[in-house]
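Note on naming: letters A, B, ... go to the chains in the order of the sequence lines (proteins, then strands), and numbering restarts at 1 for each one.
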There are 2 protein chains.
Amino acid sequence: MDERTISATERTIGYLLRLPYERLSERVYGGLAAQGFPDIRPAHSAVLRHIAGSGSRVSDLAERAGLTKQSMAYLVEALAAAGYVSVAPDPADGRAKLVRLTRRGHAVSETLVRLSREVEADFAARLAPGQMATLRGLLGELADALERP
Amino acid sequence: MDERTISATERTIGYLLRLPYERLSERVYGGLAAQGFPDIRPAHSAVLRHIAGSGSRVSDLAERAGLTKQSMAYLVEALAAAGYVSVAPDPADGRAKLVRLTRRGHAVSETLVRLSREVEADFAARLAPGQMATLRGLLGELADALERP
DNA sequence: CAATATGGACAGGCCATCTGACTACATGTC
DNA sequence: GACATGTAGTCAGATGGCCTGTCCATATTG
């Protein structure tokens, strides 16, 4: 008889969301390390996901990612030190700086998306045909609903 | 024209899993704080989720949660200091200690599950009828597949 | 111009994890 | 029963990823 307090009765939706997320993360960031990007960590995706091709300000990145300016500056600094982004003064505003992906930054971003798709495909193979598409669709609808509260 | 590097092209499955997880967490742990459990943090769910009614050892908890013994001991210590768990020597093994939920620990565990269900219901209300059940079912199947690799 | 808002930097702190080194106890083998 | 090895837990130290508070420089607006 299993006496577990939570999981025996019912797995929480939090557990069900977090488990695949963590497995995915391990594989994606492990894969990045294996492919020559060892210094990219999950938190850095907050930068990579939101950075505009024409460059973004730290404040904008912070707001889009839901982090403080200081936290975003910390992440950007690490990416800049490792050569994934460049930071240059914004010609349009003397206070601001523009963060841009370098060639290496674009490479890591593309690799990240590719690895993510690969792991997603592997997850899909563990479900019945078509179910991963359903899952992705539902998560997308939920994200749409949550992005605009 | 949106030039975002990742999200404009396609939201990664990681993003789609993490977004609802984070919204859920904010609400569940905010709710716990509001209901008199201000010192419970998301990491503590690793203890609450895996602890057995008859008591569990730190090592067992660590293994089930996928953490090191040291990390689990750190979490257990905080919960013990706040009165959510008791820690007593294991009569069956002089090296070991048994971690048990106190009455307050049971209360927090039940409240956690209840809040989780409430937020899940709120999420469900943002989707078409029945879709949340489908989503939960698919996540459950995926979790089953990932729990036994 | 003065007042206020904004972009960013600096300092300091906390939490949640890790690794490495260690002690105390348990167990299995001879 | 003694010894070798394995296991439960602790101590110490480090790191990453966030936070708040404070401050400076530059914009913007009345």
Considering only heavy atoms and no angle criterion, is a donor-acceptor pair shorter than 3.5 Å present between the side chain of A/Lys69 and the base of C/dG8?
yes
Nearest to side-chain heavy atoms of B/Tyr74, which nucleotide of C/dG8, C/dA16, D/dG9
C/dA16
Over how many whole Å does the gap from A/Glu26 atom CD to C/dT17 atom P extend?
13 Å
Nearest-Å distance, CE (B/Met72) to P (D/dC11)?
18 Å
Classify the nucleic acid contact of A/Asp90 as base, sugar-phosphate or nothing, counting any heavy atom under 4.0 Å across all strands shown.
nothing
Side chain of B/Arg57 only, please: which of D/dA8, C/dG8, D/dA27 is the nearest?
D/dA8
Rounded to whole angstrom units, what separation is found between the NE2 atom of A/His44 and the C1' atom of D/dG17?
9 Å
Answer yes or no: are there more than 12 heavy-atom neighbours, outside A/Gln35 itself, under 6.0 Å from its atom CD?
yes
Got a sec, which residues hit salt bridge (charged side-chain N to carboxylate O under 4.0 Å, His left out) with B/Asp122, two or more places apart in sequence or on another chain?
B/Arg27, B/Arg126
5' precedence on DNA chain D between A/Gly94 and B/Asp60 (nearest-nucleotide basis)
B/Asp60
Answer yes or no: is there an ion pair linking A/Asp93 with A/Arg57, defined by an N-O contact shorter than 4.0 Å?
yes
Could you state the atom-to-atom distance from CG of A/Leu75 to C1' of C/dG8 in whole Å?
15 Å
Say whether A/Arg136 and A/Gln131, considering side chains only, have a donor N or O and an acceptor N or O under 3.5 Å apart.
no
Quick one: A/Glu63 CD to C/dT6 P, roughly how many Å, whole number?
11 Å
Taking only N and O in the side chain of A/Thr68, is any of them less than 4.0 Å away from OP1 or OP2 of D/dC19?
yes
Nearest listed nucleotide, side chain of B/Arg95, among D/dC18, D/dG6, D/dG16
D/dG6
Please state how far atom OH in B/Tyr29 lies from atom C1' in D/dC18, giving the value in whole angstrom units.
17 Å
B/Arg11/A/Glu147 salt bridge by N-O under 4.0 Å criterion
yes
Which nucleotide, C/dC25, D/dG17, C/dG7, lies nearest any side-chain atom of B/Asp93?
C/dC25
With sugar-phosphate meaning primed atoms plus P, OP1 and OP2, does B/Ser71 contact a base, only sugar-phosphate, or nothing at under 4.0 Å between heavy atoms?
base
Under the criterion side-chain contact (heavy atoms from CB on, under 4.5 Å), which of A/His50, A/Lys97, A/Met72, A/Arg64 is the partner of A/Ser56?
A/Arg64
If you count every heavy atom of other residues, nucleotides or ligands that lies below 6.0 Å from B/Glu118 atom CD, does the total exceed 12?
yes
A/Gln70 (side chain) and D/dG21 (base): donor-acceptor pair under 3.5 Å
yes
Phosphate contact (C/dT6 OP1 or OP2) by A/Ser59 side-chain N/O below 4.0 Å:
no
So how far off straight is the helix from C/dC1-D/dG30 to C/dC30-D/dG1, going by the axes through five pairs at either end, to 10°?
20°
Over how many whole Å does the gap from A/Lys97 atom NZ to C/dT6 atom C1' extend?
15 Å
